[in-house]
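Since we're looking at a predicted model, the values are computed, not measured. We name chains A, B, ... by the order of the sequence lines, and we start the count at 1 in each one.
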Protein chains: 2
Amino acid sequence: MDDVDRALIAELQRDATQAYATLGKAVGLSAGAAHDRVRKLRERGVIRRTTVDVDPTALGRGVLAFVMVDSSAWMGDATESFAAVPEIQEAHIIAGTASVLVKVRTATTDQLQDVLRRLYTIEGVSGTQATVVLETFFERPVRAD
Amino acid sequence: MDDVDRALIAELQRDATQAYATLGKAVGLSAGAAHDRVRKLRERGVIRRTTVDVDPTALGRGVLAFVMVDSSAWMGDATESFAAVPEIQEAHIIAGTASVLVKVRTATTDQLQDVLRRLYTIEGVSGTQATVVLETFFERPVRAD
DNA sequence: CATGAAAATCCGTGTCA
DNA sequence: TGACACGGATTTTCATG
């Protein structure tokens, strides 16, 4: 994991469709060497997967909200319960007053309300505080450099 | 934007490196037809880009926190000020008590503290409430189906 | 769907710590 | 000596009509 690896990752985050020859040129490597490095980054799990970034609105997921989930019990083993709700994009255990923070995307605020209702059906959940996003400034990949 | 498009997107989210022949087979299309569909999805901006998903810890960004930023002024034009802080991965204008919600990734809690300090230098920022993530259950792409 | 062009992948060889 | 980079040969994939 040196500066060349970081440069490769930054380039791939920007555009993972570019040819290894182009990629190599951008970081000062031959196509083969660039390919080798990237393969190893994948093997080591540094690069988890190659994916596409999709416009949520086009998928009928125009409403974004963050929900603080309060609980009356240990939520450490509740991964599956949260993962079972398809509208939940992220779920994190947090320090502080609430126990779980989830990021939710729905088509409408009605659907958001329905997600909140389903959250209450999860064992141990005692309350929710939803914060609706009015405008997203930006969402970008983790900085590699 | 029909069910086939949604299936294509779901497949690409899972693995964007697969060949169009494989992709086509997965959704019941020929390689050429799959290629055509995906090209159009890119042109229409539904697929914004192809990127790699990287392990934040490997990049020295093992600490994740969400920060509620309070303000004494309209923050609607502050995109650039937040974007200038490289540790900020997402920034959203929110409804409710605080005005901006940011997602921050740093190597250490010391660095997190430094990010908070820099947030206070942004015009109009009057307070912050940081919530540190103890464990991430999951982070996944927006559901396409 | 076929076909030329281009890219990915494999592998032998050389080189630098 | 081991890890890495190079570059050519082969196979696969892409993109065009």
Side-chain angles (χ1 to χ4, degrees), chain A residues 1-59 61 139-145, chain B residues 1-62 86 105 107-108 139-145:
Chain A
M1 201 50 198
D2 57 8
D3 286 345
V4 177
D5 284 335
R6 273 182 281 272
L8 282 169
I9 290 170
E11 272 299 314
L12 286 173
Q13 283 177 329
R14 198 177 58 74
D15 179 14
T17 66
Q18 64 189 307
Y20 284 111
T22 317
L23 187 62
K25 194 168 289 178
V27 304
L29 239 51
S30 75
H35 182 260
D36 244 42
R37 288 253 191 179
V38 174
R39 185 180 48 76
K40 280 171 191 161
L41 286 169
R42 284 186 211 278
E43 278 171 7
R44 276 191 277 148
V46 174
I47 294 175
R48 288 170 172 159
R49 61 173 167 176
T50 303
T51 186
V52 288
D53 183 26
V54 180
D55 177 11
T57 306
L59 291 177
R61 290 271 148 78
E139 288 181 290
R140 60 190 181 192
V142 185
R143 278 282 290 248
D145 54 354
Chain B
M1 200 51 197
D2 57 8
D3 286 345
V4 177
D5 284 335
R6 274 183 280 271
L8 282 169
I9 290 170
E11 271 300 313
L12 287 173
Q13 285 177 328
R14 197 177 58 75
D15 178 14
T17 67
Q18 63 189 307
Y20 284 110
T22 317
L23 187 62
K25 194 166 289 179
V27 303
L29 240 50
S30 75
H35 184 259
D36 245 42
R37 289 251 192 180
V38 173
R39 185 180 47 75
K40 281 172 192 161
L41 285 169
R42 284 188 211 277
E43 277 171 7
R44 275 191 278 147
V46 174
I47 295 175
R48 288 168 173 162
R49 63 174 166 176
T50 303
T51 186
V52 289
D53 182 25
V54 180
D55 177 11
T57 307
L59 292 177
R61 292 270 148 79
R105 286 189 192 272
T108 63
E139 288 181 290
R140 59 188 181 193
V142 185
R143 276 284 287 250
D145 55 353

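Side chains of Val54(B) and Val142(A) form no contact here, defined as non-hydrogen atoms less than 4.5 Å apart. For the pair Val38(B)/Val52(A), no side-chain contact is recorded, criterion being any heavy-atom separation below 4.5 Å from C-beta on. Between Thr50(B) and Thr51(A), the closest side-chain pair of non-hydrogen atoms is not below 4.5 Å.
Taking CZ of Arg143(A) as the start and CZ of Arg105(B) as the end, the distance is 14.5 Å to the nearest 0.5 Å. Note that CD1 of Ile9(B) and CZ of Arg37(B) are 10.5 Å apart. Values are rounded to the nearest 0.5 Å.
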Would you mind building the protein contact string for nucleotides 12-17 of chain C? One character per nucleotide, 5' to 3', B for base within reach (heavy atoms under 4.0 Å), S for sugar-phosphate only, - for untouched.
-> ------
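For DNA chain D, no neighbouring residue in residues 8-16 of chain A is found when judged by any heavy atom under 4.0 Å. Of the residues in residues 30-42 of chain B, not one comes within less than 4.0 Å of DNA chain C through any heavy atom. Residues of residues 18-25 of chain B having a heavy atom closer than 4.0 Å to DNA chain C: none are found.
Each end of the helix from dC1(C)-dG17(D) to dA17(C)-dT1(D) gets its own axis from five base pairs, and the two axes differ in direction by 30°, given to 10 degrees.
With sequence neighbours excluded, the residues that form a salt bridge (Lys or Arg N to Asp or Glu O under 4.0 Å) with Arg6(A) are Asp3(A). Applying the salt bridge (Lys or Arg N to Asp or Glu O under 4.0 Å) test to Asp55(A) and every residue at least two apart in sequence or in another chain returns Arg48(B). For Arg61(A), there are no salt bridge (Lys or Arg N to Asp or Glu O under 4.0 Å) partners two or more places apart in sequence or in a different chain. Under the salt bridge (Lys or Arg N to Asp or Glu O under 4.0 Å) criterion, Arg44(B) pairs with Asp5(B), sequence neighbours left out.
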Check nucleotides 2-6 of chain C against the protein and report each pair of N or O atoms closer than 3.5 Å, with its distance, or say if there are none.
none

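Of all heavy-atom pairs spanning Arg49(B) and Arg14(A), the tightest one is CD-O, 3.9 Å. Nearest heavy atom pair, residue Ala144(B) against residue Ala10(B), reads CB-N, 4.0 Å.
Bounding nucleotides for the chain B contact on DNA chain D, 5' to 3', at a heavy-atom distance below 4.0 Å, are dT13(D) to dA15(D).
Residue pairs meeting the side-chain hydrogen bond (donor to acceptor under 3.5 Å, both in side chains) criterion with at least one member in residues 16-25 of chain B, sequence neighbours excluded: Glu11(B)-Gln18(B), Asp15(B)-Thr17(B).
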